Q: 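Quick one: the structure is below, questions incoming.
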Amino acid sequence: MVLSHAASDSDVSVHSTFASRYVRTSLPRFKMPENSIPKEAAYQIINDELMLDGNPRLNLASFVTTWMEPECDKLIMSSINKNYVDMDEYPVTTELQNRCVNMIAHLFNAPLGETETAVGVGTVGSSEAIMLAGLAFKRKWQNKRKAEGKPFDKPNIVTGANVQVCWEKFARYFEVELKEVKLSEGYYVMDPEKAVEMVDENTICVAAILGSTLNGEFEDVKLLNDLLVIKNKETGWDTPIHVDAASGGFIAPFLYPELEWDFRLPLVKSINVSGHKYGLVYAGIGWVVWRNKEDLPEELIFHINYLGADQPTFTLNFSKGSSQVIAQYYQLIRLGHEGYRNVMENCRENMVVLREGLEKTGRFNIVSKDEGVPLVAFSLKDSSSHTEFEISDMLRRYGWIVPAYTMPPNAQHITVLRVVIREDFSRTLAERLVIDIEKVMRELDELPSRVIHKISLGEEKSEANGDNLMVTVKKSDMEKQREVINGWKKFVSDRKKTNGIC
């Protein structure tokens, strides 16, 4: 959902030059028009506006898949009109979903017998998957507390401060206290020891992240499990673990098969993964699987029969498209272990190319780790003259979308840039990006330096330098932005004066 607001009163119509051969009057921007328009005009109007979007392939901020094979695109288009929830009408689609759940459960080493069926469900993404897993933990904890005659009105969940916002949504929407382990400079994931210290009798689970959004690092789920086993034995509690493997779930099994993070650990009761990230499917598909059926309370599963047969359902939404489920099944059987391993190894190799290229510039500190999601998070060694935000802004002139952001508490003074390496990010693009970053750095060097504010609690500081007195004055964000823009305009103007055509 997007919370939107209308534009100014002077710009309330949609105009299209090309579509004017069909439509002579402007269309209202925020109200449905009274009359129909030709299909060609509707297409042209929308297509013209969409040209102003960024290029998805150059959107290095996103973990989400932006390219699939043409054969899979055909499957997606042929099933785009199938409603996933109509299981009786589309039994084969339902069967494909069940196959995906079982394949993923086996990939995560679920303790299943030869004929045992995995417990899991397809979702619209990891956000919904996390909500479902969280609800299962909360209900199971509540049921146990009720049976023991103990209070069950103050559940909490322990996470690192580096968790994705969907965890905060879960806590707020479903009234669960979120207890966050704060970060520190140089350590940007949850500390297992501190996490276990925060666990109490009201903790419904500890959430570990396999692939932090901030720097791609895998949290130490094995150590967390071992420490929690000890605490559970000492206290008599049975606090479980959920692994948020949204980014790393399709990476670790192929690049780090010996890493213990999944159902091989006894306290891991559920895992979510994003099919639309390194599952290599377009946006709109996630998965959540449980260790066994006892970990998903039966009362959370609804049964309906008004679509033609008894159907169990455990989702937050109802209707959704079938295309992404079919696309996930295509990738699983098309690539297999060999194909996924090749893709992930290529991503890791391209990550190394980019990281080494940035290191050779001598301008950046690398914040990301070698083991984890294939991405490069980096920050300026010297940010006294210019910031990571300026680099991000100027890279857009070359078409690159590279995000800059600050770390969560207590490392919010650290600002980083992040480049996510996806399947469609080639070595050539990695080398090209380094070249463009070097260009941006040279251009920034020629711009006026930003003022470093040394004002504390409203006091201005000054320092004498011979006969000159330099006073630092606090400037607003708008003033700083205007200063950068004016400096850039002057730089471009001077370039034009010296590059005239004879």
Side-chain angles (χ1 to χ4, degrees), residues 119 123 126-184 189-210 212-213 219-221 223-246 265-272 288 290-302 314-316 408-410:
V119 179
T123 62
S126 275
S127 292
E128 184 189 5
I130 285 167
M131 303 285 176
L132 297 177
L135 284 171
F137 282 118
K138 181 181 179 183
R139 182 58 59 89
K140 192 171 183 183
W141 173 83
Q142 286 177 326
N143 290 344
K144 182 183 178 185
R145 298 284 289 183
K146 289 178 184 178
E148 296 173 345
K150 296 179 180 179
F152 54 88
D153 59 335
K154 294 182 179 179
N156 69 64
I157 188 168
V158 176
T159 71
N162 57 312
V163 292
Q164 215 261 359
V165 69
C166 61
W167 284 100
E168 298 177 40
K169 289 182 179 180
F170 166 75
R172 188 176 303 178
Y173 294 167
F174 298 104
E175 298 181 319
V176 176
E177 179 190 1
L178 186 65
K179 299 171 72 172
E180 292 186 338
V181 179
K182 302 302 181 186
L183 310 184
S184 59
V189 293
M190 180 178 70
D191 184 331
E193 294 185 0
K194 293 180 180 178
V196 172
E197 289 174 4
M198 297 175 74
V199 170
D200 59 32
E201 63 178 350
N202 294 321
T203 302
I204 63 174
C205 80
V206 180
I209 312 298
L210 193 76
S212 171
T213 300
E219 292 182 345
D220 193 340
V221 188
L223 177 58
L224 175 65
N225 178 87
D226 294 346
L227 293 173
L228 205 50
V229 165
I230 296 172
K231 183 157 190 172
N232 284 344
K233 191 174 295 185
E234 293 173 348
T235 60
W237 305 333
D238 57 354
T239 308
I241 296 172
H242 174 86
V243 179
D244 179 358
L265 304 175
L267 292 183
V268 174
K269 303 300 183 181
S270 56
I271 301 172
N272 69 275
V288 56
W290 284 269
R291 186 181 194 88
N292 52 54
K293 63 181 181 180
E294 288 77 22
D295 296 310
L296 176 58
E298 178 64 29
E299 63 263 35
L300 293 179
I301 302 173
F302 291 83
F314 180 41
T315 57
L316 293 182
N410 290 334

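What you are looking at is a predicted structure, and each value in this text was computed from that prediction instead of being measured.
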Q: Could you check whether any side-chain N or O of Asn225 sits under 3.5 Å from a backbone N or O of Leu267, counting only pairs where one atom can act as donor and the other as acceptor?
A: yes
Q: Ala195 and Val158: which non-hydrogen atoms are nearest, and at how many Å?
A: O-CG1, 3.7 Å
Q: Will you find, in the side chains of Glu180 and Asn162, an N or O donor that is under 3.5 Å from an N or O acceptor?
A: no
Q: Using side-chain heavy atoms (C-beta onward) and a distance below 4.5 Å, is Val221 in contact with Val268?
A: yes
Q: Would the distance check show the side chain of Lys231 and the main-chain N or O of Val199 forming a donor-acceptor pair, the cut-off being under 3.5 Å?
A: yes
Q: What's the separation between atom CD1 in Ile157 and atom OG1 in Thr239, rounded to the nearest 0.5 Å?
A: 11.5 Å
Q: Taking atom NZ as the centre, does Lys154 end up with more than 12 heavy-atom neighbours from other residues, nucleotides or ligands that are less than 6.0 angstrom away?
A: no
Q: For atom CZ of Phe152, is the number of surrounding heavy atoms from other residues, nucleotides or ligands below 6.0 Å larger than 12?
A: no
Q: Less than 4.5 Å apart, any side-chain heavy atom of Ile301 and any of Leu296?
A: yes
Q: Under 3.5 Å, side chain of Thr203 to main-chain N/O of Cys205, donor-acceptor pair present?
A: no
Q: When you measure from the side chain of Arg145 to the backbone of Pro151, do you find a donor-acceptor pair of N or O atoms at a distance under 3.5 Å?
A: yes
Q: With distance as the sole test, does Glu219 use its side chain to make a donor-acceptor pair with the main-chain N or O of Ala208 at under 3.5 Å?
A: no
Q: Taking atom CG of Leu135 and atom CE of Met131, what is their separation to the nearest 0.5 Å?
A: 8.5 Å
Q: Do Trp167 and His242 make the cut of ring centroids closer than 6.0 angstrom?
A: yes
Q: Given Lys179 and Asp200, is the side-chain contact (heavy atoms from CB on, under 4.5 Å) satisfied, shown in steps?
A: CA-CA 11 Å; Lys179 299 171 72 172; Asp200 59 32; 3.1 Å; yes
Q: Rounded to the nearest 0.5 Å, what separation is found between the CG atom of Leu132 and the OG1 atom of Thr315?
A: 7.0 Å
Q: Between Lys140 and Glu294, does any side-chain N to carboxylate O distance fall below 4.0 Å?
A: no
Q: A quick test of your reading: do over 12 heavy atoms of other residues, nucleotides or ligands sit less than 6.0 Å from NZ of Lys182?
A: yes
Q: Just how far is it from atom CG of Leu178 to atom NZ of Lys169, taken to the nearest 0.5 Å?
A: 14.0 Å
Q: Please check if the side chain of Glu128 supplies one atom and the backbone of Leu316 the other of a donor-acceptor pair under 3.5 Å.
A: yes
Q: Using every non-hydrogen atom in the two residues, find where Asp295 and Ala136 come nearest and quote the distance to one decimal.
A: O-CB, 4.0 Å
Q: With side chain to side chain donor-acceptor pair (under 3.5 Å) as the test, would you mind laying out the steps for Asp238 and Asn232 before giving the verdict?
A: CA-CA 5 Å; Asp238 57 354; Asn232 284 344; over 6 Å; no
Q: Would you call Trp290 and Lys269 a side-chain contact if the rule is heavy atoms closer than 4.5 Å?
A: no
Q: Short question: side chain of Lys138, backbone of Ile204 - any donor-acceptor pair under 3.5 Å?
A: no
Q: To the closest 0.5 Å, what do you measure between CG (Asn272) and CG (Asp244)?
A: 4.5 Å
Q: State the OG-CZ distance between Ser270 and Phe137, to the nearest 0.5 angstrom.
A: 3.5 Å
Q: Kindly give the heavy-atom pair with the smallest separation between Ala129 and Val288, and that separation in Å.
A: CB-CB, 3.7 Å
Q: Would the number of heavy atoms belonging to other residues, nucleotides or ligands and lying under 6.0 Å from CZ of Phe174 be above 12?
A: yes
Q: Ile241 versus Leu265: any side-chain heavy-atom pair under 4.5 Å?
A: no
Q: I'd like to know if the side chain of Arg139 reaches the main chain of Leu300, judged simply by a donor and an acceptor atom lying under 3.5 Å from each other, with no hydrogens or angles considered.
A: no
Q: For Met190 and Leu224, run side-chain contact (heavy atoms from CB on, under 4.5 Å): C-alpha distance rounded to whole Å, both residues' side-chain angles, the deciding distance at 0.1 Å, then the answer.
A: CA-CA 10 Å; Met190 180 178 70; Leu224 175 65; 4.1 Å; yes
Q: Does Lys293 have more than 12 heavy atoms from other residues, nucleotides or ligands lying within 6.0 Å of its NZ?
A: no
Q: Determine, stepwise, if the pair Asn410 / Leu183 fulfils side-chain contact (heavy atoms from CB on, under 4.5 Å).
A: CA-CA 5 Å; Asn410 290 334; Leu183 310 184; over 6 Å; no
